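All values reported here derive from a predicted model rather than from experimental measurement. Just so we're on the same page: letters track the sequence lines, and every chain starts at 1.
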Amino acid sequence: MHISEGVLSAPVLVTGAALAAVGVSVGLKKIDYEKIPHVAVLSSAFFVASLIHVPVGPSSVHLILNGINGVLLGWSCFPAILVALALQAILFQFGGITVLGVNTVTMALPGVICYYLFARLVNQQKGGLSLVAAFACGFLAVLCSGILVAISLLFTEESFMSVAKLIILAHVPVMIIEGIITLFCVAFLRRVKPELLGGIYGKG
Amino acid sequence: MEKGDNIWIYPIIFLLASILVISTNIAAFAHKAIVFAWVEGDTVFTESKFSDGKSAIGAQVLVFHRNGKQLLEGRTNNKGEFSFKIPKLTDLRIVLNAGMGHRAEWTIPESEIREAGGFLQEREASQTSKAIPVSLTKKEIKEIVEDSLDTKLRPIVRMMTESQSKGPSVSEIVGGIGYIFGLMGVAIYFKNRKEKKHLEDRND
(Lines give C-alpha, C1' and ligand atoms only; values in the text may rest on other atoms or scores of the structure.)
Protein backbone atom coordinates (compact mmCIF):
# COMPACT_ATOMS: atom_id res chain seq x y z
CA MET A 1 0.00 0.00 0.00
CA HIS A 2 3.03 2.24 -0.38
CA ILE A 3 2.34 5.23 -2.56
CA SER A 4 5.22 5.78 -5.00
CA GLU A 5 7.28 8.89 -5.49
CA GLY A 6 5.92 11.45 -7.92
CA VAL A 7 2.26 10.46 -7.77
CA LEU A 8 0.84 12.87 -5.24
CA SER A 9 0.58 16.63 -5.56
CA ALA A 10 2.54 18.96 -3.30
CA PRO A 11 -0.37 20.00 -1.00
CA VAL A 12 -1.16 16.35 -0.25
CA LEU A 13 2.52 15.65 0.50
CA VAL A 14 2.79 18.66 2.80
CA THR A 15 -0.44 17.84 4.62
CA GLY A 16 0.70 14.25 5.05
CA ALA A 17 4.09 15.36 6.38
CA ALA A 18 2.49 17.81 8.83
CA LEU A 19 0.03 15.21 10.14
CA ALA A 20 2.83 12.66 10.45
CA ALA A 21 4.95 15.18 12.36
CA VAL A 22 2.11 15.76 14.84
CA GLY A 23 1.55 12.02 15.24
CA VAL A 24 5.25 11.30 15.70
CA SER A 25 5.72 14.04 18.29
CA VAL A 26 2.69 12.84 20.29
CA GLY A 27 3.98 9.28 19.95
CA LEU A 28 7.49 10.17 21.09
CA LYS A 29 6.14 11.91 24.17
CA LYS A 30 4.28 8.75 25.15
CA ILE A 31 7.36 6.53 24.93
CA ASP A 32 8.84 5.94 28.34
CA TYR A 33 11.91 4.00 29.29
CA GLU A 34 10.43 0.48 29.30
CA LYS A 35 8.47 1.09 26.16
CA ILE A 36 11.47 1.80 23.91
CA PRO A 37 12.24 -1.90 23.22
CA HIS A 38 8.55 -2.60 22.49
CA VAL A 39 8.51 0.18 19.93
CA ALA A 40 11.71 -1.11 18.35
CA VAL A 41 10.49 -4.71 18.14
CA LEU A 42 7.16 -3.73 16.59
CA SER A 43 8.90 -1.33 14.25
CA SER A 44 11.11 -4.10 12.93
CA ALA A 45 8.09 -6.39 12.64
CA PHE A 46 6.41 -3.75 10.49
CA PHE A 47 9.61 -3.32 8.48
CA VAL A 48 9.83 -7.01 7.64
CA ALA A 49 6.08 -7.58 7.19
CA SER A 50 6.06 -5.76 3.87
CA LEU A 51 8.30 -8.49 2.44
CA ILE A 52 5.78 -11.19 3.21
CA HIS A 53 3.57 -11.46 0.19
CA VAL A 54 0.11 -12.87 0.51
CA PRO A 55 0.03 -15.00 -2.62
CA VAL A 56 -3.70 -15.73 -2.56
CA GLY A 57 -6.07 -14.95 -5.37
CA PRO A 58 -4.98 -13.19 -8.52
CA SER A 59 -3.85 -10.18 -6.54
CA SER A 60 -0.63 -10.30 -4.61
CA VAL A 61 -0.32 -7.96 -1.68
CA HIS A 62 1.78 -7.95 1.44
CA LEU A 63 1.25 -7.89 5.17
CA ILE A 64 1.13 -4.54 6.96
CA LEU A 65 0.74 -5.33 10.67
CA ASN A 66 -0.46 -1.85 11.56
CA GLY A 67 -3.33 -3.22 13.66
CA ILE A 68 -1.13 -5.03 16.15
CA ASN A 69 1.29 -2.10 16.10
CA GLY A 70 -1.51 0.28 17.00
CA VAL A 71 -3.14 -1.81 19.68
CA LEU A 72 0.14 -2.49 21.45
CA LEU A 73 1.77 0.91 21.04
CA GLY A 74 -1.05 3.44 20.79
CA TRP A 75 0.26 6.78 19.57
CA SER A 76 3.80 5.42 19.70
CA CYS A 77 3.07 3.42 16.56
CA PHE A 78 3.64 6.67 14.65
CA PRO A 79 7.41 6.84 15.29
CA ALA A 80 7.67 3.05 14.96
CA ILE A 81 6.03 3.08 11.53
CA LEU A 82 7.90 6.20 10.41
CA VAL A 83 11.27 4.57 11.09
CA ALA A 84 10.25 1.33 9.39
CA LEU A 85 8.90 3.15 6.32
CA ALA A 86 12.01 5.31 6.05
CA LEU A 87 14.18 2.20 6.02
CA GLN A 88 11.89 0.48 3.50
CA ALA A 89 12.17 3.53 1.25
CA ILE A 90 15.95 3.65 1.50
CA LEU A 91 16.76 -0.05 1.39
CA PHE A 92 13.93 -1.55 -0.69
CA GLN A 93 12.82 1.49 -2.70
CA PHE A 94 9.24 0.91 -1.53
CA GLY A 95 7.40 4.19 -1.38
CA GLY A 96 9.83 7.08 -1.21
CA ILE A 97 11.28 9.81 0.95
CA THR A 98 8.96 12.62 -0.17
CA VAL A 99 5.87 10.47 0.37
CA LEU A 100 7.11 9.29 3.75
CA GLY A 101 4.71 11.59 5.62
CA VAL A 102 1.65 10.50 3.69
CA ASN A 103 2.57 6.83 3.94
CA THR A 104 3.19 7.15 7.69
CA VAL A 105 -0.24 8.68 8.22
CA THR A 106 -2.04 6.12 6.06
CA MET A 107 -0.45 3.27 8.04
CA ALA A 108 -0.21 4.68 11.57
CA LEU A 109 -3.48 6.57 11.89
CA PRO A 110 -5.57 3.39 11.53
CA GLY A 111 -3.33 1.89 14.22
CA VAL A 112 -4.19 4.72 16.59
CA ILE A 113 -7.89 4.43 15.73
CA CYS A 114 -7.74 0.71 16.51
CA TYR A 115 -5.98 1.48 19.76
CA TYR A 116 -8.86 3.65 20.94
CA LEU A 117 -11.49 1.24 19.65
CA PHE A 118 -10.04 -2.07 20.73
CA ALA A 119 -7.27 -1.75 23.32
CA ARG A 120 -9.73 -1.90 26.21
CA LEU A 121 -11.57 -4.84 24.63
CA VAL A 122 -8.37 -6.72 23.84
CA ASN A 123 -7.34 -6.29 27.44
CA GLN A 124 -10.56 -7.89 28.64
CA GLN A 125 -10.82 -10.69 31.16
CA LYS A 126 -13.01 -12.72 28.82
CA GLY A 127 -10.85 -14.63 26.35
CA GLY A 128 -13.44 -14.92 23.59
CA LEU A 129 -14.31 -11.25 23.41
CA SER A 130 -10.66 -10.28 23.53
CA LEU A 131 -9.82 -12.50 20.57
CA VAL A 132 -12.74 -11.24 18.52
CA ALA A 133 -11.58 -7.70 19.23
CA ALA A 134 -8.06 -8.63 18.18
CA PHE A 135 -9.30 -10.02 14.88
CA ALA A 136 -11.44 -6.95 14.25
CA CYS A 137 -8.45 -4.76 15.06
CA GLY A 138 -6.18 -6.37 12.47
CA PHE A 139 -8.98 -6.39 9.92
CA LEU A 140 -10.11 -2.82 10.43
CA ALA A 141 -6.60 -1.33 10.45
CA VAL A 142 -5.95 -2.55 6.90
CA LEU A 143 -9.41 -1.42 5.79
CA CYS A 144 -8.82 2.09 7.18
CA SER A 145 -5.41 2.22 5.51
CA GLY A 146 -7.04 1.38 2.19
CA ILE A 147 -9.54 4.19 2.63
CA LEU A 148 -6.80 6.65 3.60
CA VAL A 149 -4.72 5.71 0.55
CA ALA A 150 -7.79 6.28 -1.62
CA ILE A 151 -8.36 9.67 0.04
CA SER A 152 -4.78 10.76 -0.61
CA LEU A 153 -5.14 9.69 -4.24
CA LEU A 154 -8.41 11.63 -4.45
CA PHE A 155 -6.55 14.76 -5.46
CA THR A 156 -4.82 13.10 -8.40
CA GLU A 157 -6.79 12.22 -11.49
CA GLU A 158 -8.17 8.96 -10.17
CA SER A 159 -11.73 8.82 -8.90
CA PHE A 160 -12.17 8.03 -5.24
CA MET A 161 -14.80 5.31 -5.40
CA SER A 162 -13.06 3.17 -8.02
CA VAL A 163 -9.68 3.43 -6.29
CA ALA A 164 -11.13 2.73 -2.86
CA LYS A 165 -13.01 -0.26 -4.22
CA LEU A 166 -9.92 -1.66 -5.93
CA ILE A 167 -7.63 -1.19 -2.96
CA ILE A 168 -10.09 -2.61 -0.47
CA LEU A 169 -10.99 -5.57 -2.66
CA ALA A 170 -7.32 -6.32 -3.26
CA HIS A 171 -6.70 -6.22 0.47
CA VAL A 172 -9.55 -8.45 1.62
CA PRO A 173 -7.20 -11.45 1.94
CA VAL A 174 -4.69 -9.30 3.80
CA MET A 175 -7.39 -8.02 6.15
CA ILE A 176 -8.40 -11.55 7.04
CA ILE A 177 -4.83 -12.76 7.44
CA GLU A 178 -3.90 -9.73 9.52
CA GLY A 179 -6.97 -10.34 11.63
CA ILE A 180 -5.85 -13.91 12.24
CA ILE A 181 -2.26 -12.86 12.96
CA THR A 182 -3.40 -10.19 15.41
CA LEU A 183 -5.68 -12.75 17.03
CA PHE A 184 -2.84 -15.22 17.50
CA CYS A 185 -0.50 -12.49 18.77
CA VAL A 186 -3.02 -11.39 21.36
CA ALA A 187 -3.81 -14.98 22.34
CA PHE A 188 -0.09 -15.62 22.76
CA LEU A 189 0.54 -12.43 24.71
CA ARG A 190 -2.43 -13.08 26.99
CA ARG A 191 -0.94 -16.40 27.93
CA VAL A 192 2.74 -15.45 28.09
CA LYS A 193 2.94 -11.77 28.90
CA PRO A 194 -0.46 -10.27 29.71
CA GLU A 195 1.15 -7.19 31.28
CA LEU A 196 2.32 -6.17 27.80
CA LEU A 197 -1.28 -5.65 26.76
CA GLY A 198 -2.46 -4.15 30.01
CA GLY A 199 0.67 -2.26 31.02
CA ILE A 200 0.84 -0.24 27.85
CA TYR A 201 -2.82 0.58 28.00
CA GLY A 202 -2.49 1.85 31.54
CA LYS A 203 0.26 4.26 30.56
CA GLY A 204 -0.77 5.07 26.99
CA MET B 1 -8.27 -18.35 29.15
CA GLU B 2 -10.87 -21.00 28.42
CA LYS B 3 -9.43 -22.83 25.48
CA GLY B 4 -12.48 -24.94 24.74
CA ASP B 5 -14.71 -21.93 24.17
CA ASN B 6 -12.84 -20.44 21.23
CA ILE B 7 -11.45 -23.46 19.50
CA TRP B 8 -14.30 -23.50 16.96
CA ILE B 9 -13.54 -19.96 15.85
CA TYR B 10 -10.40 -20.87 13.91
CA PRO B 11 -11.84 -23.31 11.36
CA ILE B 12 -14.72 -20.92 10.66
CA ILE B 13 -12.34 -18.02 10.06
CA PHE B 14 -10.21 -20.09 7.74
CA LEU B 15 -13.26 -21.24 5.81
CA LEU B 16 -14.46 -17.65 5.48
CA ALA B 17 -11.01 -16.57 4.40
CA SER B 18 -10.71 -19.19 1.69
CA ILE B 19 -14.18 -18.39 0.32
CA LEU B 20 -13.38 -14.69 0.11
CA VAL B 21 -10.01 -15.35 -1.44
CA ILE B 22 -11.48 -17.54 -4.16
CA SER B 23 -14.29 -15.12 -4.94
CA THR B 24 -12.16 -12.01 -5.29
CA ASN B 25 -10.98 -11.53 -8.82
CA ILE B 26 -9.11 -8.29 -9.20
CA ALA B 27 -6.13 -6.71 -10.85
CA ALA B 28 -2.62 -7.46 -9.71
CA PHE B 29 -1.35 -5.07 -7.10
CA ALA B 30 1.84 -4.94 -5.09
CA HIS B 31 3.93 -2.25 -3.51
CA LYS B 32 6.15 -1.36 -6.42
CA ALA B 33 5.66 -1.08 -10.15
CA ILE B 34 8.43 -1.55 -12.70
CA VAL B 35 8.50 -0.61 -16.39
CA PHE B 36 11.10 -1.82 -18.93
CA ALA B 37 11.50 -0.56 -22.46
CA TRP B 38 13.74 -1.56 -25.33
CA VAL B 39 14.08 -0.68 -29.00
CA GLU B 40 13.75 -3.09 -31.88
CA GLY B 41 13.94 -1.54 -35.33
CA ASP B 42 11.63 1.44 -35.35
CA THR B 43 9.46 0.22 -32.51
CA VAL B 44 9.78 0.64 -28.76
CA PHE B 45 8.54 -2.25 -26.68
CA THR B 46 7.59 -1.76 -23.06
CA GLU B 47 6.78 -4.27 -20.40
CA SER B 48 5.16 -3.30 -17.11
CA LYS B 49 4.91 -5.37 -14.01
CA PHE B 50 4.85 -5.33 -10.25
CA SER B 51 7.74 -6.18 -8.02
CA ASP B 52 6.40 -9.66 -7.37
CA GLY B 53 6.42 -10.47 -11.08
CA LYS B 54 2.75 -9.96 -11.94
CA SER B 55 2.00 -7.97 -15.09
CA ALA B 56 0.39 -4.55 -14.88
CA ILE B 57 -2.73 -5.03 -16.97
CA GLY B 58 -4.52 -2.07 -18.55
CA ALA B 59 -2.12 0.42 -17.00
CA GLN B 60 -1.54 3.81 -18.53
CA VAL B 61 1.80 4.39 -20.30
CA LEU B 62 2.91 7.93 -21.12
CA VAL B 63 5.84 8.77 -23.38
CA PHE B 64 7.62 12.08 -22.95
CA HIS B 65 10.07 14.07 -25.05
CA ARG B 66 13.39 15.10 -23.51
CA ASN B 67 11.95 18.60 -23.00
CA GLY B 68 9.01 17.24 -21.00
CA LYS B 69 6.40 17.39 -23.73
CA GLN B 70 4.09 14.39 -23.89
CA LEU B 71 4.44 12.55 -27.18
CA LEU B 72 1.90 9.78 -26.86
CA GLU B 73 0.02 7.62 -24.41
CA GLY B 74 -1.43 4.15 -24.37
CA ARG B 75 -2.54 1.25 -22.23
CA THR B 76 -0.85 -2.07 -21.59
CA ASN B 77 -2.46 -5.26 -22.87
CA ASN B 78 -3.24 -8.22 -20.68
CA LYS B 79 0.41 -9.27 -20.65
CA GLY B 80 1.48 -5.85 -19.43
CA GLU B 81 3.04 -5.00 -22.79
CA PHE B 82 2.69 -1.87 -24.87
CA SER B 83 4.59 -0.97 -28.01
CA PHE B 84 4.76 2.12 -30.18
CA LYS B 85 6.62 3.45 -33.21
CA ILE B 86 9.38 5.87 -32.31
CA PRO B 87 7.76 9.27 -32.63
CA LYS B 88 10.90 11.37 -32.50
CA LEU B 89 14.65 10.91 -32.34
CA THR B 90 15.21 12.01 -28.77
CA ASP B 91 15.62 10.60 -25.30
CA LEU B 92 12.29 8.98 -24.55
CA ARG B 93 11.03 9.06 -20.98
CA ILE B 94 8.44 6.35 -20.46
CA VAL B 95 6.19 6.71 -17.43
CA LEU B 96 4.00 3.90 -16.19
CA ASN B 97 0.95 4.87 -14.21
CA ALA B 98 -0.33 1.62 -12.75
CA GLY B 99 -2.99 3.20 -10.56
CA MET B 100 -3.47 3.24 -6.81
CA GLY B 101 -0.33 5.28 -6.36
CA HIS B 102 1.99 3.06 -8.37
CA ARG B 103 4.25 4.80 -10.80
CA ALA B 104 7.51 3.89 -12.51
CA GLU B 105 9.80 5.40 -15.10
CA TRP B 106 12.23 4.21 -17.75
CA THR B 107 14.34 6.34 -20.04
CA ILE B 108 15.59 5.24 -23.45
CA PRO B 109 18.62 7.35 -24.37
CA GLU B 110 18.86 8.72 -27.89
CA SER B 111 22.01 6.64 -28.48
CA GLU B 112 20.09 3.41 -27.98
CA ILE B 113 17.54 4.41 -30.60
CA ARG B 114 20.34 5.32 -33.00
CA GLU B 115 22.12 2.02 -32.38
CA ALA B 116 18.99 0.04 -33.02
CA GLY B 117 18.82 1.81 -36.37
CA GLY B 118 15.19 2.41 -35.71
CA PHE B 119 14.69 5.96 -36.75
CA LEU B 120 13.86 6.25 -40.44
CA GLN B 121 16.53 8.72 -41.43
CA GLU B 122 19.17 6.60 -39.83
CA ARG B 123 18.01 3.53 -41.64
CA GLU B 124 17.96 5.15 -45.05
CA ALA B 125 21.45 6.44 -44.54
CA SER B 126 22.82 3.04 -43.66
CA GLN B 127 21.04 1.36 -46.55
CA THR B 128 22.53 3.60 -49.20
CA SER B 129 26.01 3.76 -47.81
CA LYS B 130 26.97 0.09 -47.81
CA ALA B 131 26.88 -2.55 -50.50
CA ILE B 132 27.07 -6.08 -49.11
CA PRO B 133 29.89 -8.17 -50.57
CA VAL B 134 28.68 -11.24 -52.41
CA SER B 135 31.06 -13.82 -51.14
CA LEU B 136 31.15 -14.39 -47.39
CA THR B 137 32.98 -17.04 -45.51
CA LYS B 138 31.18 -19.09 -42.93
CA LYS B 139 33.14 -17.34 -40.24
CA GLU B 140 32.13 -13.91 -41.47
CA ILE B 141 28.44 -14.82 -41.54
CA LYS B 142 28.74 -16.18 -38.04
CA GLU B 143 30.29 -12.96 -36.89
CA ILE B 144 27.58 -10.84 -38.47
CA VAL B 145 24.83 -12.96 -36.93
CA GLU B 146 26.45 -12.87 -33.53
CA ASP B 147 26.93 -9.17 -33.79
CA SER B 148 23.30 -8.47 -34.54
CA LEU B 149 22.17 -10.97 -31.90
CA ASP B 150 24.26 -9.16 -29.35
CA THR B 151 22.64 -5.83 -30.11
CA LYS B 152 19.20 -7.39 -30.12
CA LEU B 153 19.71 -9.28 -26.89
CA ARG B 154 21.41 -6.49 -24.98
CA PRO B 155 18.20 -4.90 -23.68
CA ILE B 156 16.85 -8.28 -22.66
CA VAL B 157 20.00 -9.10 -20.76
CA ARG B 158 19.79 -5.70 -19.11
CA MET B 159 16.15 -6.27 -18.30
CA MET B 160 16.90 -9.59 -16.67
CA THR B 161 19.73 -8.29 -14.56
CA GLU B 162 17.59 -5.31 -13.63
CA SER B 163 14.68 -7.49 -12.55
CA GLN B 164 16.90 -9.80 -10.58
CA SER B 165 18.51 -7.01 -8.66
CA LYS B 166 15.17 -5.45 -7.66
CA GLY B 167 14.21 -7.67 -4.76
CA PRO B 168 15.57 -6.77 -1.34
CA SER B 169 18.51 -8.91 -0.34
CA VAL B 170 18.98 -10.62 2.99
CA SER B 171 21.70 -8.17 3.92
CA GLU B 172 19.34 -5.25 3.37
CA ILE B 173 16.66 -6.84 5.50
CA VAL B 174 19.01 -7.69 8.32
CA GLY B 175 20.61 -4.26 7.94
CA GLY B 176 17.24 -2.58 8.32
CA ILE B 177 16.46 -4.48 11.49
CA GLY B 178 19.92 -3.59 12.72
CA TYR B 179 19.23 0.09 12.12
CA ILE B 180 16.02 -0.10 14.14
CA PHE B 181 17.76 -1.70 17.07
CA GLY B 182 20.60 0.78 16.76
CA LEU B 183 18.07 3.58 17.04
CA MET B 184 16.60 1.83 20.06
CA GLY B 185 20.03 1.86 21.65
CA VAL B 186 20.43 5.57 20.97
CA ALA B 187 16.98 6.29 22.40
CA ILE B 188 17.71 4.29 25.53
CA TYR B 189 21.06 6.04 25.91
CA PHE B 190 19.50 9.48 25.86
CA LYS B 191 16.62 8.50 28.14
CA ASN B 192 19.13 6.99 30.51
CA ARG B 193 21.24 10.13 30.59
CA LYS B 194 18.21 12.27 31.23
CA GLU B 195 17.12 10.06 34.07
CA LYS B 196 20.60 10.01 35.59
CA LYS B 197 20.78 13.78 35.44
CA HIS B 198 17.38 13.97 37.05
CA LEU B 199 18.53 11.75 39.91
CA GLU B 200 21.77 13.71 40.37
CA ASP B 201 19.83 16.98 40.50
CA ARG B 202 17.62 15.51 43.16
CA ASN B 203 20.62 14.34 45.19
CA ASP B 204 22.15 17.81 45.06
Side-chain angles (χ1 to χ4, degrees), chain A residues 1-8 31-33 36-37 39-41 43-44 47-48 50-51 53 55-62 83-84 87-88 90-95 99 127-128 130-132 135 149-150 152-153 156 158 163 166-167 169-173 176-177 179-180 183 187 190-191, chain B residues 1-3 5-6 9-10 13-14 16-18 20-33 50-54 57 60 95 97-105 166-169 171-188 190-192 194-195:
Chain A
M1 233 188 264
H2 301 74
I3 299 175
S4 314
E5 204 99 55
V7 174
L8 298 174
I31 299 177
D32 57 19
Y33 198 75
I36 293 171
V39 176
V41 168
S43 179
S44 30
F47 172 74
V48 179
S50 73
L51 299 170
H53 288 281
V56 280
S59 71
S60 172
V61 283
H62 60 84
V83 168
L87 287 167
Q88 284 175 353
I90 295 163
L91 296 171
F92 307 158
Q93 286 87 47
F94 295 172
V99 273
S130 162
L131 293 184
V132 170
F135 179 83
V149 168
S152 38
L153 289 172
T156 61
E158 300 180 77
V163 177
L166 253 161
I167 293 179
L169 271 177
H171 280 85
V172 167
I176 293 161
I177 289 164
I180 294 166
L183 185 146
R190 281 177 70 90
R191 205 170 303 162
Chain B
M1 198 176 80
E2 318 93 34
K3 234 172 149 187
D5 280 357
N6 334 302
I9 283 178
Y10 306 117
I13 288 167
F14 273 111
L16 216 80
S18 45
L20 273 162
V21 162
I22 292 159
S23 60
T24 49
N25 186 12
I26 29 187
F29 173 40
H31 38 244
K32 196 174 158 193
F50 294 104
S51 55
D52 59 346
K54 298 221 173 186
I57 298 162
Q60 190 185 35
V95 173
N97 201 341
M100 292 179 284
H102 293 102
R103 187 178 188 272
E105 272 190 37
K166 289 285 178 190
S169 67
S171 61
E172 281 167 335
I173 298 163
V174 175
I177 297 168
Y179 269 111
I180 292 170
F181 282 96
L183 280 172
M184 174 185 102
V186 171
I188 287 179
F190 279 107
K191 281 265 185 214
N192 207 3
K194 224 189 246 169
E195 226 135 276

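Between the side chain of B/Lys191 and the main chain of A/Ile36, no donor-acceptor pair closer than 3.5 Å is present.
The shortest distance between side-chain heavy atoms of B/Ile173 and A/Phe92 falls below 4.5 Å. Contact check for B/Tyr179 versus A/Ile90: no side-chain heavy atoms found under the 4.5 Å cut-off.
Counting heavy-atom pairs closer than 4.5 Å to chain A, the top-ranked of the candidates B/Ala104, B/Gly176, B/Ala187 is B/Gly176.
Neither the backbone nor the side chain of B/Glu105 comes within contact range of chain A; no heavy atoms are under 4.5 Å apart. When heavy atoms are compared at a cutoff of 4.5 Å, A/Gln88 does not approach chain B at all.
The shortest heavy-atom contact between A/Glu5 and B/Arg103 is O-CD, 3.8 Å. Heavy-atom minimum distance, A/Tyr33 versus B/Ile188: OH-CG2, 3.7 Å.
Going from atom CD1 of B/Ile177 over to atom OG of A/Ser44 covers 6.0 Å, rounded to the nearest 0.5 Å. For the atom pair CD1 (A/Ile31) and CE (B/Met184), the distance works out to 12.0 Å, reported to the nearest 0.5 Å.
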